[in-house]
Amino acid sequence: MTLALACGVGVANIYFPQAITPLIAHGLRVRTGLAAAAVTAAQFGYAVGIFFLVPLGDRLVHRKLIPALLGITGLGLIGAGTAPDLAVLVVASAVVGAVTVVPQIIIPMAAGLVAADRRGAVTGTLLSGLIGGILLARTFSGVLGQWLGWRAPYLVAAALILILAAVMTAVLPATVPTSQERYPRLVTASLRLLREEPDLRRSCVYQATVFAGFSAAWTSLTLYVTGPAYHLGASAVGLIALVGAASMFCTPIAGRRTDRDGPDAINLVCILGALLASGILAFGSAGGAFGIVVLTVGMLVLDVSMQSGQVANQARIFVLRPEARGRLNTAYMTCAFLGGSAGSWLGVRAYDLLGWPGVCELLAVLPALALARHVVHLAARSRATPQDTPAESADKVAL
């Protein structure tokens with residue numbers, strides 16, 4: 001549970017700015033669309049950090065690496081919370097995103113500490129903590145920012161992260177590095193794995209597209225409910241996220257179902273769920289109490305779909321090469337967050353040009369791309385003989 005809590009507190013720094021974008025815009029006297037650059041910078045920084053720092057989880061001792069990254073994250077949050085203008089905030093957000101990759105080091109570490117038949121369940125438990133951090137972060141920042149201003153969430157988060165760094169120094173298990181490769185080869189290994197592992201590439205496509213839609217929806221939702229359609233405060237986004245936090249209870253279930261049925265079955269359900277969410281969210285244009293209820297339900301469906309799909313994807317990739325789980329996760333999460341940062345940018349552009357209906361159309365297109373890729377895979381698998389698909393049969397045996 002401590003590791004799950006660490007995942008949640010660590011990842012929250014990427015997401016809590018989404019709920020206070022209008023407050024940042026007002027405080028720094030810039031347009032709301034420009035203030036959203038802090039969100040995009042954090043997600044882009046996270047993708048960069050995953051690529052360059054997460055592979056160190058295979059090379060360095062976790063008990064030293066994880067507290068060090070948390071300490072730097074705390075300092076970056078202080079820099080963001082005291083930023084005098086948007087440019088400094090964007091740079092600080094990118095730095096925070098780059099070093100707050102601790103959850104992506106903890107998850108493959110934990111996967112290597114348990115038996116293969118429990119890997120999906122453990123991954124699901126850790127992701128439930130991560131989801132709690134993602135969704136409750138918006139509640140935390142929305143309410144705190146509404147009362148104390150946009151800087152308060154950054155400074156409070158800095159204090160929490162620095163406390164967590166001290167706790168992790170004491171509670172992390174003793175682990176032995178699985179690789180002695182030099183850093184340049186360690187980093188480029190992720191690119192080699194992408195080239196050599198079709199199932200890794202497929203998992204990346206699924207998560208990058210669905211997560212892009214997820215990021216587009218959440219970034220734009222803040223603009224929508226605080227704008228002329230609803231005239232609500234930033235705390236309203238936090239309350240919607242609080243309801244969405246119920247999805248954290250779904251990922252352990254998704255993990256157990258992945259162990260039982262294999263990742264492909266779970267992916268199909270989750271991709272269809274993301275498409276369903278786009279249809280539900282489209283009714284948010286109705287306004288009033290009905291519109292808020294619809295937006296809340298739609299975001300809950302989207303959260304459950306995206307996070308449960310991630311359980312299936314990570315369970316699939318962690319069986320490919322056990323000695324390189326950190327590097328596999330690096331390739332996977334880098335692609336996911338490049339998709340997420342692109343989704344945030346596209347979501348703001350769609351909202352500026354077409355309003356909330358444009359965001360919902362974008363959300364429908366992105367998981368449809370994942371569905372098309374999955375249908376191609378299922379069709380190819382159905383045509384193959386059992387002898388031709390050892391990787392697929394291994395999904396159920398090895399998990």
Side-chain angles (χ1 to χ4, degrees), residues 4 7-8 11 15 103-104 106-108 110-111 118-136 199-200 202-218 241-281 296-319 329 332-333 335-337 339-340 343 363-364 366-371 373-375 377-378 395-396 399:
C7 287
V11 80
Y15 295 94
Q104 304 312 325
I106 289 177
I107 291 172
R118 295 189 59 238
R119 195 164 292 133
V122 169
T123 300
T125 298
L126 291 176
L127 283 176
S128 70
L130 186 140
I131 294 165
I134 291 172
L135 299 175
L136 295 178
D199 280 346
L200 174 60
R202 184 162 59 89
S203 297
C204 290
V205 169
Y206 295 162
Q207 193 64 16
T209 50
V210 174
F211 188 52
F214 174 89
S215 298
W218 270 111
L242 186 62
V243 174
S247 63
M248 65 187 293
F249 301 107
C250 298
T251 51
I253 298 172
R256 291 191 292 270
R257 292 298 296 267
T258 299
D259 288 336
R260 190 184 74 183
D261 301 329
D264 279 352
I266 305 304
N267 276 135
L268 180 59
V269 172
C270 293
I271 293 169
L272 292 174
L275 283 169
L276 174 63
S278 69
I280 296 173
L281 289 169
T296 302
V297 172
M299 295 309 291
L300 175 60
V301 173
L302 181 59
D303 290 345
V304 171
S305 301
M306 193 278 290
Q307 302 291 359
S308 297
Q310 176 148 310
V311 175
N313 289 326
Q314 288 186 305
R316 179 187 295 111
I317 67 172
F318 286 155
V319 302
N329 202 44
Y332 170 76
M333 293 304 301
C335 292
F337 273 87
L363 178 56
L366 290 166
L369 297 175
L371 180 61
R373 176 64 183 89
H374 198 51
V375 168
H377 166 72
L378 294 177
D395 273 345
K396 292 184 179 181
L399 286 173

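All heavy atoms count here, side chains included; hydrogens, waters and symmetry mates do not.
In terms of heavy-atom proximity, Leu126 sits nearest to Cys7 at O-CB, 4.0 Å. Across Ala370 and Thr209, no two heavy atoms sit closer than the pair CB-OG1, 3.2 Å. The two residues Val301 and Ala277 make their nearest non-hydrogen contact at CG1-CB, 4.0 Å. Pairing each heavy atom of Phe214 with each of Asp303, the nearest pair is CE1-OD1, 2.7 Å. The two residues Gly339 and Ala212 come nearest to each other via the heavy atoms O-CB, 3.1 Å. In plain terms, the two heavy atoms of Leu363 and Pro367 that are nearest each other are O-CD, 2.6 Å.
Separating the CZ atom in Phe211 from the CG atom in Leu302 is a distance of 10.5 Å, to the nearest 0.5 Å. In this structure, OG on Ser278 lies 10.0 Å from CG on Leu366, to the nearest 0.5 angstrom. The CG atom of Asp264 sits 10.0 Å away from atom OG1 of Thr258, with the distance rounded to the nearest 0.5 Å. Here CE of Met299 is found 4.5 Å from CH2 of Trp218. Values are rounded to the nearest 0.5 Å.
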Under the criterion side-chain contact (heavy atoms from CB on, under 4.5 Å), I'd like the reasoning laid out for Met333 against Gln207: C-alpha separation, chi angles, the key distance, then a yes or no.
CA-CA 8 Å; Met333 293 304 301; Gln207 193 64 16; 5.8 Å; no
Run Val205 and His374 through side-chain contact (heavy atoms from CB on, under 4.5 Å) and show every step you take.
CA-CA 9 Å; Val205 169; His374 198 51; over 6 Å; no
Distance-only check: which donor-acceptor pairs under 3.5 Å involve side-chain atoms of residues 267-276, not counting sequence neighbours?
from	atom 1	to	atom 2	distance (Å)
Asn267	OD1	Arg316	NH1	3.2
Asn267	OD1	Arg316	NH2	2.5
Asn267	ND2	Asn313	OD1	3.1

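By the ring pair (Phe, Tyr, Trp, His ring centres under 6.0 Å) test, Tyr332 pairs with no residue at all, sequence neighbours left out. For Arg257, the salt bridge (Lys or Arg N to Asp or Glu O under 4.0 Å) criterion is met by Asp261, not counting sequence neighbours.
A donor-acceptor pair is defined here as one N or O able to donate and one able to accept, closer than 3.5 Å; no such pair exists between the side chain of His377 and the backbone of Asp199.
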